[in-house]
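Inspection log for the structure reproduced underneath, given as structure tokens.
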2 protein chains.
Amino acid sequence: MPRSGAEARARLREAALDLYGECGYDATTTAEIAARAGVTERTYFRHFPDKREVLFDGEAELREVMTGAIASAPGSPAPLALVLQAYVAAVPLFVAGRPVAERRAKIIATSPALQERAHAKRDAVTDALIGALQDRGIAEPTARLAARVGAAVFERAGREWDGASGSDLTALIGQAADELRELA
Amino acid sequence: MPRSGAEARARLREAALDLYGECGYDATTTAEIAARAGVTERTYFRHFPDKREVLFDGEAELREVMTGAIASAPGSPAPLALVLQAYVAAVPLFVAGRPVAERRAKIIATSPALQERAHAKRDAVTDALIGALQDRGIAEPTARLAARVGAAVFERAGREWDGASGSDLTALIGQAADELRELA
DNA sequence: GAGGTTGTGTCAGTGACTGACCTTATCACC
DNA sequence: GGTGATAAGGTCAGTCACTGACACAACCTC
């Protein structure tokens, strides 16, 4: 009964978010997630490679937006400026995904295994940015340093944003960049 | 037959390094590692919490050296300078561990699961540095930004060092710090 | 040498994940 | 309107990482 594939996938995502939230990550099994989504455990593993990945769906979109921003930036900005522009370009995605992101963050905070995956995902984004910078002719080591530093700046802004719900993430990124200049 | 506990642990480390290197990470089972080390699989899991952790033993020492360096640094250096001093203090450890580190790096490169763990370990070190900075009265957000940026600088230096085997890691850290100032 | 502590063996079990093979809905094209 | 091809799912059987409970042996202390 292949309705569309995407439907089952979405149901699995919701089911996992619910169950992980209600019963905890360790206490829920992949079979339970599948059951709540109305499919088999095997089908779960056709959509997601492991038990954690359900929580990190949609990260590809983020990567595309950010690398696209770097590729299409006008002029020839400095490497770090390019990276920060990429994060600014992604702000709408962060704003849109905020409600889900909060539930997810609470769950992730309860499990080291999930924190590990979250770190890996952030690093994957950073690696994509490095690639995009290189495509603009920036040498690998410089690109890597800029992308990592940019990630640090964004993390600093993002934490501030999480604390103050009414604030403007774009402005916070600018502030964090100022702080970086003070540090260096 | 409890010889000392530490002996079995060391044998397990070597056995894992050998088997992961020869047969690949995925293809070797924890039972095989235990067998080569002359113990039971159960004993393996008494020494290491999971299949990956054997490769990351001794990371606690690194953390202690680095946080110690921050705690005992004279004067009142800027946050980023403190972080870089911590990495410089750890240079002897990196030099001493280089042969094993190379074998380990090759293995890690073959498995996403291991890369994930490696990232997590680096982040754990960074978090420890953040704590040490806070103990010196530096505010959390500043400490976090400085630690992350410092990690980025060190990564840049470390990659250079991996490439040129005869170079001086301490000097490379200084150069990377200069590059950061250019970027920001 | 009695008794606690520590490291290990044994056993049984759970749950994440995989490969192989088979059904069924859906769509394209005749 | 039948007829394949294809994509999504189900079923089954199996492997392996990891855990809890219990028993035993070596060591240390007094």
Side-chain angles (χ1 to χ4, degrees), chain A residues 1-57 107-108 110-118 120-121, chain B residues 1-57 107-108 110-118 120-121:
Chain A
M1 41 192 71
R3 321 204 179 181
S4 85
E7 289 175 24
R9 191 185 182 90
R11 285 201 308 274
L12 282 166
R13 250 188 280 132
E14 287 177 33
L17 209 56
D18 289 346
L19 287 173
Y20 288 165
E22 291 167 17
C23 319
Y25 172 76
D26 287 325
T28 89
T29 69
T30 53
E32 287 167 351
I33 297 172
R36 174 176 286 217
V39 295
T40 319
E41 193 183 10
R42 192 69 184 84
T43 293
Y44 171 93
F45 284 105
R46 287 209 180 86
H47 283 282
F48 304 101
D50 59 45
K51 192 185 173 184
R52 317 179 203 167
E53 199 69 13
V54 222
L55 285 178
F56 301 92
D57 209 22
I107 296 168
I108 292 174
T110 67
S111 159
L114 290 174
Q115 293 166 29
E116 223 174 296
R117 177 60 52 88
K121 287 294 176 187
Chain B
M1 39 193 71
R3 321 200 179 184
S4 85
E7 290 174 24
R9 191 186 182 89
R11 284 201 308 274
L12 282 165
R13 250 186 282 130
E14 286 175 33
L17 210 54
D18 289 346
L19 287 173
Y20 288 166
E22 291 167 17
C23 319
Y25 172 77
D26 287 327
T28 90
T29 70
T30 54
E32 287 167 350
I33 297 172
R36 173 176 285 217
V39 295
T40 319
E41 193 184 8
R42 192 67 184 86
T43 293
Y44 172 93
F45 284 107
R46 287 205 180 88
H47 285 282
F48 304 101
D50 59 45
K51 192 185 174 184
R52 316 180 204 168
E53 199 70 13
V54 225
L55 285 179
F56 300 92
D57 208 22
I107 297 167
I108 292 175
T110 67
S111 158
L114 290 174
Q115 293 166 30
E116 223 174 297
R117 177 61 50 86
K121 288 294 177 187

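Atom CG of D26(B) is separated from atom P of dA16(C) by 19 Å (rounded to the nearest Å). The CD atom of E41(A) sits 12 Å away from the C1' atom of dC12(D) (whole-angstrom rounding). dA17(D) atom P lies 14 Å from atom CG of L12(B), rounded to whole Å. One can place CD of E53(A) at 11 Å from P of dC17(C), the figure rounded to the nearest angstrom. Remark: P of dC18(D) and NZ of K51(B) are 8 Å apart, rounded to the nearest angstrom. Between F45(B) atom CZ and dC16(D) atom P there is a gap of 13 Å when expressed in whole angstrom units. Distance L114(A) CG to dA16(C) P: 13 Å, rounded to the nearest Å. The CZ atom of R46(A) sits 15 Å away from the P atom of dT23(C) (whole-angstrom rounding).
Counting heavy atoms from C-beta on, the side chains of I108(B) and Y25(B) never come closer than 4.5 Å. Using a 4.5 Å heavy-atom cutoff, the side chains of D50(A) and R117(A) are in contact.
The shortest distance between the side-chain N/O atoms of T43(B) and the OP1/OP2 oxygens of dG9(C) is below 4.0 Å. Between T29(A) and dG15(C) there is no side-chain polar atom (N or O) within less than 4.0 angstrom of OP1 or OP2. Dashed line: the shortest gap from a side-chain N or O of H47(A) to OP1 or OP2 of dA8(D) is not under 4.0 Å. Taking only side-chain nitrogens and oxygens, T40(A) never comes nearer than 4.0 Å to OP1 or OP2 of dG9(D).
No hydrogens or angles were tested; on distance alone, nothing pairs the side chain of R9(B) with the base of dG7(C) as donor and acceptor under 3.5 Å. Under 3.5 Å, the side chain of R42(B) and the base of dG7(C) form no donor-acceptor pair of N or O atoms.
With hydrogens and angles disregarded, no donor-acceptor distance shorter than 3.5 Å links the side chain of T40(B) to the backbone of R42(B).
A cation-pi geometry, defined here as NZ or CZ lying under 6.0 Å from the six-membered ring centre and within 45° of its normal, holds between R9(B) and F48(B).
A salt bridge (Lys or Arg N to Asp or Glu O under 4.0 Å) with R36(A) holds for exactly one of E41(A), E14(A), E22(A); it is E22(A).
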